[in-house]
Amino acid sequence: MNLPDLNIAKMRSHKENQYINLKENYEAELKGKKYFLRTYGCQMNVHDSEAIKSYLETLGLTETLDIEEANVVVLNTCAIRENAHDKVIGFLGKCKYLKKNRDDFKIVLAGCMSEQPDFIKEIMTNHPYIDIIIGTHNLYDLPKLLLQEFKKQVIEVYSSSDEVIEGMNFKRDSLYTAWVNIMYGCDKFCTYCIVPYTRGRERSRKLESIIKEVEDLKKKGYKEVTLLGQNVNAYGKDIGESFSHLLKCVSKTGIERIRFVTSHPWNFTDEMLKVISENKNIMPYIHLPIQSGSNNILKRMNRRYTKEEYLELFHKIKEAIPGVAITTDIIVGFPNETREDFEETLDVVKKCQFDGAYTFIYSKREGTPAALMEDKITKEEKEERLQELNKLVNYYANKNNQKLKNKVEEVLILGVSEKSHTKVYGYTKTMKLVNVSGPKSIIGKIVNVKITDTKSFSIDGEYVEELVK
Ligand code: SAH
Ligand code: SF4
Ligand code: F3S
């Protein structure tokens with residue numbers, strides 16, 4: 001099978017999203033069709049899926065949770081670690097089986113894996129039954145591609161461009177809390193990471209369109225926004241803006257809660273701390289990935305800070321923002337990580353006593369510099385280190401949570417608790433999940449909750465009263 005030419009869209013910086021509602025012309029092709037969507041990966045992908053849903057539903061498709069009755073299956077993929085890749089390949093087997101003898105069953109592969117040339121080749125060779133491969137940069141082309149698919153059988157491959165998309169529509173998963181992309185891509189090139197290759201260079205959205213989006217969300221009744229970017233605090237470098245100025249402007253909209261992920265230690269400024277501590281609607285919660293406590297490993301990871309610089313920043317944040325919660329990301333088993341290197345990581349965890357940490361075993365990603373590094377550490381050793389680390393991380397998460405016992409916390413209630421259908425759940429200002437005994441009528445509200453019990457990953461509480469502003 002010949003590989004089609006990659007259709008590389010031209011750079012269309014800051015051009016308004018060109019999505020046109022094509023529904024009327026194609027009503028017949030799409031009538032009664034259903035889609036099934038599965039999302040892997042980070043918040044970027046979760047939010048991109050909200051855009052995919054909006055596109056498909058504008059075309060007239062409806063969502064189904066039963067893949068067998070779907071006409072369109074969309075897999076929004078992640079490439080960050082090997083197991084993400086394996087999960088998608090496994091799922092494709094099922095799709096292939098369902099597609100047998102069905103012309104009205106289309107498979108769309110979206111997300112970060114679709115931005116990897118080797119993966120595209122693998123798909124074209126081993127999985128030719130896939131109908132559309134669409135990258136992370138041109139999601140708005142999905143309706144057009146899908147309509148073409150239902151009219152004729154062609155495989156189209158779209159690849160990345162360095163666009164900044166404005167004015168996208170989303171079918172948001174929540175009515176109370178919303179993701180707002182403020183920038184795309186990443187320029188940091190940590191040596192282990194695939195993201196700069198799948199999401200392109202750092203590029204910021206226009207400040208005015210971000211503010212307009214937040215204002216619109218506020219008008220619709222949203223209580224909270226989370227500003228999204230691989231390195232949110234690198235916002236604005238390409239357009240003469242700064243993250244702290246953006247934060248100030250978002251705060252002025254008066255939306256009740258503002259969050260942001262992910263902050264890179266290297267881009268953290270004193271001005272940011274000032275703005276966060278001066279504005280009550282910016283939440284006292286920072287996700288600040290450290291990755292490793294060893295200076296040798298940090299250097300080989302190209303993280304651009306030392307253990308000492310991270311600790312200094314950490315304590316500065318703790319001092320400037322009273323009651324702040326800080327979480328982190330840690331990788332164990334980076335190529336040739338020694339026991340001494342790992343102990344430096346344990347030391348940082350002891351010194352910082354994080355509120356929580358996402359911990360990962362290093363996963364080799366072809367095409368990244370770390371993939372070429374020698375690695376003598378066995379899988380068993382890496383797994384043992386992960387377990388040892390997790391024990392310590394959980395100990396401190398628990399310890400921090402216990403401090404909340406019997407305190408009254410402000411919680412934004414988001415829905416019915418998954419654990420117990422008689423309870424509701426929500427998040428404290430510091431991003432701690434609380435299962436609350438209280439009436440369903442408080443869903444969507446910020447309420448006072450008395451904390452009754454605490455564990456590493458969740459906290460129980462009782463509804464006290466609604467907040468009067
Ligand atoms: N931009 C963010 C997070 C990006 S991905 C940041 O820089 O902090 C989320 C996390 O996945 C990373 O923080 C890192 O801990 C982990 N990760 C990324 N690449 C990985 C790899 N190859 N193997 C294991 N974990 C990885
Ligand atoms: Fe990956 Fe590093 Fe960029 Fe985060 S900062 S997305 S870890 S390259
Ligand atoms: Fe995965 Fe892409 Fe996010 S690789 S972690 S979905 S940016």
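Read the numbers this way: they start at 1 and go in the same order the structure lists the ligands and their atoms. Side chains are part of it too, since the values below use all heavy atoms of this structure and drop only hydrogens, waters and symmetry mates.
At least one side-chain heavy atom of Tyr184 sits under 4.5 Å from a side-chain heavy atom of Arg205. Between Leu109 and Ile132 the shortest side-chain heavy-atom distance does not fall below 4.5 Å. Between Ile80 and Phe360, every side-chain heavy-atom pair lies at or beyond the 4.5 Å cut-off.
Counting heavy atoms of neighbouring residues, nucleotides and ligands inside a 6.0 Å radius, atom CD of Glu63 exceeds 12 of them. More than 12 non-hydrogen atoms from other residues, nucleotides or ligands lie less than 6.0 angstrom from NZ of Lys318. Open room surrounds CD on Glu418; 12 or fewer heavy atoms of other groups in view lie less than 6.0 Å from it. No more than 12 heavy atoms of other residues, nucleotides or ligands sit less than 6.0 Å from atom CD of Glu312.
For the residue pair Lys188 and Asn267, a side-chain donor N or O sits within less than 3.5 Å of a side-chain acceptor on the partner. A donor atom on one side chain and an acceptor atom on the other are not found under 3.5 Å apart for Gln116 and His85.
Not a single ring-ring contact (aromatic ring centres under 6.0 Å, His included) links Tyr40 to another residue, sequence neighbours left out.
Near ligand 1, heavy-atom contacts under 4.0 Å come from Ile80, Arg81, Tyr192, Gln230, Thr262, Pro289, Gln291, Arg303, Asp329, Ile331, Phe360, Ile361, Tyr362, Ser363, Arg365. The contact shell of ligand 2, taken as protein residues with any non-hydrogen atom closer than 4.0 angstrom, comprises Cys186, Lys188, Phe189, Cys190, Tyr192, Cys193, Val195, Pro196, Gln230, Asn231, His264, Arg303.
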| request: For side chain to side chain donor-acceptor pair (under 3.5 Å), just list the numbers for Asn296 and Glu340, CA-CA rounded to whole Å, side-chain angles, deciding distance to a tenth of an Å, and then say yes or no. | output: CA-CA 10 Å; Asn296 168 37; Glu340 290 71 37; over 6 Å; no
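Contact check on Lys274 versus Asp270 returns no salt bridge, with no Lys/Arg side-chain nitrogen under 4.0 Å from an Asp/Glu carboxylate oxygen.
Close to ligand 3: Gln230, with a non-hydrogen atom less than 4.0 angstrom away.
Considering every non-hydrogen atom in both Tyr129 and Lys99, the closest pair reads O-CE, 3.1 Å.
Within the sub-2.8 Å shell of atom 1 (Fe) of ligand 3, the protein contributes these N/O/S atoms: Cys78 SG.
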